[in-house]
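I have placed the structure first, in the form of structure tokens, so that the comments after it can refer back to it.
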Amino acid sequence: MQKKHAPPPVSEINVTPMVDVMLVVLIIFMVITPLLSKSIPVDKALTRNPVVMADADKEDAVIVAITRDGQTFLSPGLQKIDITNIAPAVRDLLQNRASKMVYINADARAKYATVEDVVDNLRAGSVDEVGLLTEQTLDNRRLDNLTKKGGGGL
């Protein structure tokens, strides 16, 4: 009878299980990342010297987003809302807060009348502090070109 010999030790790393796990994690991140969006994508108006509003970045900040086609969204919660219903909804959100500031995140190409209606409804709902969110431009030529074409930005 012959002696059985043990197989030689394998000195290579088996990466197949690691690759399988990494692909699953990658797929999970690819599916979940678009769902984590907290705001409506808008192209903000360009300014040279904006006032920094750090409270607008807080998770519980009250932000009214206005898209270029006139749709309005209220966050936190990112819910689509009619302009006429903004005042009571914002009043409910600001009820137990120390900061009574409401931020407007309007698209630069949104109609001015829509933004004006939102501000008027907020004022009618007893909101005294309104902040307009803008984007700082470091390229003055880009801003000058926009203002020459009749666009906003200042």
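Qualifying side-chain hydrogen bond (donor to acceptor under 3.5 Å, both in side chains) partners for D69, counting only residues two or more places apart in sequence or in other chains: T67. Residues forming a side-chain hydrogen bond (donor to acceptor under 3.5 Å, both in side chains) with T134 (at least two apart in sequence, or on another chain): T47. With sequence neighbours excluded, the residues forming a salt bridge (charged side-chain N to carboxylate O under 4.0 Å, His left out) with K58 are D55, listed by chain and number. Every side-chain contact (heavy atoms from CB on, under 4.5 Å) that I81 has, sequence neighbours left out, goes to T72, L74, N85, I86, A89. With sequence neighbours excluded, the residues forming a side-chain contact (heavy atoms from CB on, under 4.5 Å) with I28 are V24, I32, listed by chain and number. Partners of M18 by side-chain contact (heavy atoms from CB on, under 4.5 Å), not counting sequence neighbours, listed by chain and number: V15, M22. Scanning for side-chain hydrogen bond (donor to acceptor under 3.5 Å, both in side chains) contacts around T84 gives D82, with sequence neighbours left out. Residues forming a side-chain contact (heavy atoms from CB on, under 4.5 Å) with A87 (at least two apart in sequence, or on another chain): R91.
In the hydrophobic clustering of ILVMFWY residues, with side-chain heavy atoms under 4.5 Å counting as a link, V62 and V115 come out together. Clustering ILVMFWY residues whenever any of their side-chain heavy atoms sit less than 4.5 angstrom apart, transitively, puts V130 in a cluster other than the one holding F73.
In this structure, R48 contributes its side chain and Q136 its backbone to no donor-acceptor pair below 3.5 Å. Side-chain atoms of K44 never come within 3.5 Å of backbone atoms of N105 as a donor-acceptor pair (strictly under, hydrogens ignored).
Tested against I83 for a side-chain contact (heavy atoms from CB on, under 4.5 Å), the candidates V118, I66, L122 yield a single pass: V118.
No more than 12 heavy-atom neighbours from other residues, nucleotides or ligands sit within 6.0 angstrom of CD1 on I13.
Hydrophobic cluster membership of V10, counting Ile, Leu, Val, Met, Phe, Trp and Tyr whose side-chain heavy atoms lie under 4.5 Å apart directly or via other members: none, as it forms a cluster of its own. L133 belongs to a hydrophobic cluster whose remaining members, ordered by chain and number, are M53, I63, M101, Y103; membership requires side-chain heavy atoms of ILVMFWY residues under 4.5 Å apart, directly or through intermediates.
Pairs passing the side chain to side chain donor-acceptor pair (under 3.5 Å) check and including a residue from residues 2-18, sequence neighbours excluded, read N14-T16. Applying the side chain to side chain donor-acceptor pair (under 3.5 Å) definition to pairs two or more places apart or across chains, those involving residues 107-121 are D43-R109.
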